[in-house]
Protein chains: 2
Amino acid sequence: MSEGSPTPRSRRERPAKPALTYEGIVDTAVRLMKSEGLQRVTMRRLAQELDTGPASLYVYVANTAELHAAILEDLLGAVDRTPVDGEGEWTDRLIAVLGSYTQVLFEHPSLAHSALVARPSGPNYLALVEAILALLHEGGVPDAQAAWGVDVLLQVATATAAEQSARDRNSAAEDEVRSLITALRRASPETHPRIAAVGDALVSGTPQERLTWIFRSVIQGTLTTPTPADTNRADDSLREPPDTGSAPSRK
Amino acid sequence: MSEGSPTPRSRRERPAKPALTYEGIVDTAVRLMKSEGLQRVTMRRLAQELDTGPASLYVYVANTAELHAAILEDLLGAVDRTPVDGEGEWTDRLIAVLGSYTQVLFEHPSLAHSALVARPSGPNYLALVEAILALLHEGGVPDAQAAWGVDVLLQVATATAAEQSARDRNSAAEDEVRSLITALRRASPETHPRIAAVGDALVSGTPQERLTWIFRSVIQGTLTTPTPADTNRADDSLREPPDTGSAPSRK
DNA sequence: ACCTGAACACCGTTCAAGT
DNA sequence: ACCTGAACACCGTTCAAGT
C-alpha cells in the first residue's frame with residue numbers, strides 16, 4: 001500500500017499535485033475552512049485549491065452538505081474528552097466536555113451553523129456521544145433519559161455557538177440583536193407586563209454565564225424528567241441480539 | 001407566472017403593478033415562501049415576482065437575512081397563544097404554546113433553519129416571548145430564571161424543527177441520519193460501552209414524544225436551576241471586561 | 001431625487017466528450 | 001474506465017447612468 005517512490009528527474013515538476021482521494025479532499029477542505037471560513041469551502045473553490053475542476057469532486061463527495069459534515073467530523077477530533085475520567089463533580093466534568101465542544105465550534109464560527117443540520121456519524125462524533133453518556137451514567141441518570149438528553153445537550157451547545165458566531169461574522173445579525181434589545185426595553189408594561197417586569201434579565205449575563213446555566217439546567221431536567229418509555233417497557237430485554245450469524249437484511 | 005390577464009389593448013396598462021413598499025415586499029415574499037419554499041425567496045426571484053430588478057429591493061431591505069427575518073416575524077402571527085389564558089396545568093399550557101410555535105415552523109420547513117439565526121424583533125415575536133414569560137411566572141419560576149429559560153425553550157423548539165425539516169426536504173440529510181443510526185447500532189461494547197448499553201433508546205420515540213419530553217425537561221431545569229445573577233448582582237449594570245488582549249497577530 | 005439596467009463576482013450540479 | 005471542460009441555471013450586491 002506504499003505509493004510509488006517519486007523519481008525527481010523532471011525539473012519542471014509541479015508542487016506535487018496529489019492524486020485525488022477522499023481524505024485529501026477533506027484535508028484540503030478543512031485547511032481552506034480554517035483559513036477562509038466555511039462560506040469559502042465551495043465545490044468550485046475547493047476544486048480550484050486542488051487544481052482540478054469542480055466536477056471531479058463529485059466522484060468522491062455527493063454534495064456540499066456531505067462535504068461540510070466531513071469537515072465537522074474532522075474538527076470534532078479537537079474536543080477535549082479527558083474530563084470524563086477526571087476528578088470532581090460529574091456535572092462539572094460534563095459541562096467541561098460540552099464547553100470544549102462549544103469552544104471548537106466557536107473557534108470556527110462558520111461551522112456552527114452547519115453543525116445544526118449536518119449529522120456526522122464518524123468516530124469523533126461517536127466518541128463525543130459516548131463521553132456524554134458515560135458522564136450521565138456516572139451521575140445515575142436512567143439510560144432512557146440519558147439517551148434523549150445527550151441530543152438536547154449537543155443541540156443547545158450547537159445552537160448557542162451558531163447564534164453567537166452568526167453575530168461575530170455578520171454585522172446584520174448584530175443589528176438584529178440590537179433592535180431586539182431595544183424592542184424588549186421599549187415593551188410597554190401595559191401590553192407586555194412580564195417582559196417589562198423581568199427587564200434586563202432577558203439580555204443579562206455573559207455568554208459564558210448563560211451557557212453554563214443552560215448546560216446546568218438541561219442536565220438537571222434530564223436527570224429529573226422521566227421519558228414515556230419508562231412506563232412502556234419496564235424490562236430492558238428489547239435489545240437487539242448481536243449480529244452474529246444471520247445478517248439483518250432490512251434497511 | 002401571471003400572464004394572459006385581460007389587459008385593454010389601447011392602453012399598456014399592466015396588471016396593476018403595485019408600488020413598492022416594505023409591506024408589499026414582505027407580503028410577496030411570504031406568499032412566495034409558502035408556494036415555493038424559502039430557498040426560492042431570493043432577491044432576484046422576489047424582484048422578478050414584483051416585476052422589477054433586484055437592485056430596487058435594496059431600497060427597502062438591507063439584505064437577504066433581513067428579508068428572511070421579516071418573513072419569520074410574519075409567520076409567527078400564526079402561533080396559537082390562547083393556552084396562556086386557558087385552563088389546566090401551566091406546564092401543559094406552556095408546552096401547548098411551544099408546540100404551536102414548533103408546528104408553524106414545521107409547516108414551513110425551509111423557515112426553521114433560518115429561524116435559528118434570524119432574530120426577529122417584531123410584535124409577533126414579542127408577544128410570543130411575553131406569553132412564555134407569563135406562563136413561567138404563573139408557575140412560580142423566578143424572574144431571572146424565566147428570562148434565561150425563554151431563550152432556551154425557543155432555541156430547542158427551533159432547533160428541533162430545523163433538524164426535522166432538513167430531513168423532510170433534503171434526502172442527503174436523511175442519509176446522514178440513517179448512517180448515524182447504523183453507526184450507533186454497530187458501536188462495539190468494547191470501545192463504546194455506554195452507546196451499546198443504552199441501545200435503541202438513542203433513536204427511540206416519535207418526534208412528538210421526544211419534543212414533549214424536551215420541553216418538559218427544559219421547563220423542569222429552568223424551574224430548579226438558579227442563575228448566577230441571583231447571587232451576584234442586585235441592581236448594578238453589567239460591566240464589560242476591558243479586553244485589551246486582542247493582539248493583531250499575523251499568521 | 002429616486003430608481004434600475006447592467007455588471008461583477010461568484011454559486012451547485014450535470015453530462016457529453018475526451019483521454 | 002475514468003476524469004473533466006463547458007454549460008446550464010442560477011445567486012447577492014453594487015453603482016453609474018437614466019428618468
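All chains are named by letter (A, B, ...) in the order of the sequence lines, taking the proteins before the strands, and each is independently numbered beginning at 1. All values derive from a computational prediction rather than experimental measurement.
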Student: For the C1' atoms, the ones on dC3(D) and on dA16(C), what distance do you get once it is rounded to whole angstrom?
Tutor: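 Here dC3(D) and dA16(C) have their C1' atoms 12 Å from each other.
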
Student: Dot-bracket, DNA chain D: Watson-Crick or G-U, under 3.5 angstrom, [ ] crossing, | other strand?
Tutor: ||.|||||...|||||.||

Student: With rounding to the nearest 0.5 Å, note down the distance linking CG in Asp74(B) to NZ in Lys34(B).
Tutor: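 NZ of Lys34(B) is found 6.5 Å from CG of Asp74(B).
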
Student: How many Å lie between CD1 on Ile25(B) and C1' on dC3(C), as a whole number?
Tutor: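 Spelled out: CD1 on Ile25(B) to C1' on dC3(C) is 12 Å.
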
Student: From CG of Leu20(A) over to C1' of dC3(D), roughly how many Å is that when rounded to an integer?
Tutor: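 In whole Å, dC3(D) C1' and Leu20(A) CG are 9 Å from each other.
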
Student: Can you name the side-chain contact (heavy atoms from CB on, under 4.5 Å) partners of Asn124(B), sequence neighbours left out?
Tutor: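 side-chain contact (heavy atoms from CB on, under 4.5 Å) check on Asn124(B) returns Glu73(B), Leu76(B).
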
Student: I'd like to check the side-chain contact (heavy atoms from CB on, under 4.5 Å) partners of Arg44(A); sequence neighbours left out, ordered by chain and number.
Tutor: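 Partners of Arg44(A) under the side-chain contact (heavy atoms from CB on, under 4.5 Å) test: Thr42(A), Pro54(A).
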
Student: For Arg185(A), enumerate each residue passing the salt bridge (Lys or Arg N to Asp or Glu O under 4.0 Å) test, keeping only those at least two apart in sequence or located in another chain.
Tutor: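 Listed in chain order: Asp200(A).
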
Student: Which residues pass the side-chain contact (heavy atoms from CB on, under 4.5 Å) test with Thr158(A), sequence neighbours left out?
Tutor: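 Testing Thr158(A) for side-chain contact (heavy atoms from CB on, under 4.5 Å), a comparison that skips the adjacent residues, returns Tyr101(A), Leu105(A), Ala115(A), Leu116(A).
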
Student: Not counting sequence neighbours, which residues clear side-chain hydrogen bond (donor to acceptor under 3.5 Å, both in side chains) with Thr182(A)? List them please.
Tutor: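 Counting only residues at least two positions away or on another chain, Thr182(A) forms no side-chain hydrogen bond (donor to acceptor under 3.5 Å, both in side chains).
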
Student: Can you pull every protein N or O that's under 3.5 Å from an N or O on nucleotides 5-12 of chain C?
Tutor:
| from | atom 1 | to | atom 2 | distance (Å) |
| --- | --- | --- | --- | --- |
| dC11(C) | OP1 | Thr42(A) | OG1 | 3.2 |
| dG12(C) | OP1 | Met43(A) | N | 3.2 |
| dG12(C) | OP2 | Met43(A) | N | 3.2 |
| dG12(C) | OP2 | Arg44(A) | N | 3.2 |
| dG12(C) | N7 | Arg44(A) | NH1 | 2.7 |
| dG12(C) | O6 | Arg44(A) | NH1 | 2.4 |

Student: Mind checking what makes side-chain hydrogen bond (donor to acceptor under 3.5 Å, both in side chains) contact with Ser56(B), not counting sequence neighbours?
Tutor: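 Expected list: Thr52(B).
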
Student: If the condition is salt bridge (Lys or Arg N to Asp or Glu O under 4.0 Å), which residues does Asp151(B) pass it with, not counting sequence neighbours?
Tutor: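 If we apply the salt bridge (Lys or Arg N to Asp or Glu O under 4.0 Å) test to Asp151(B), skipping adjacent residues, the hits are Arg210(A).
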
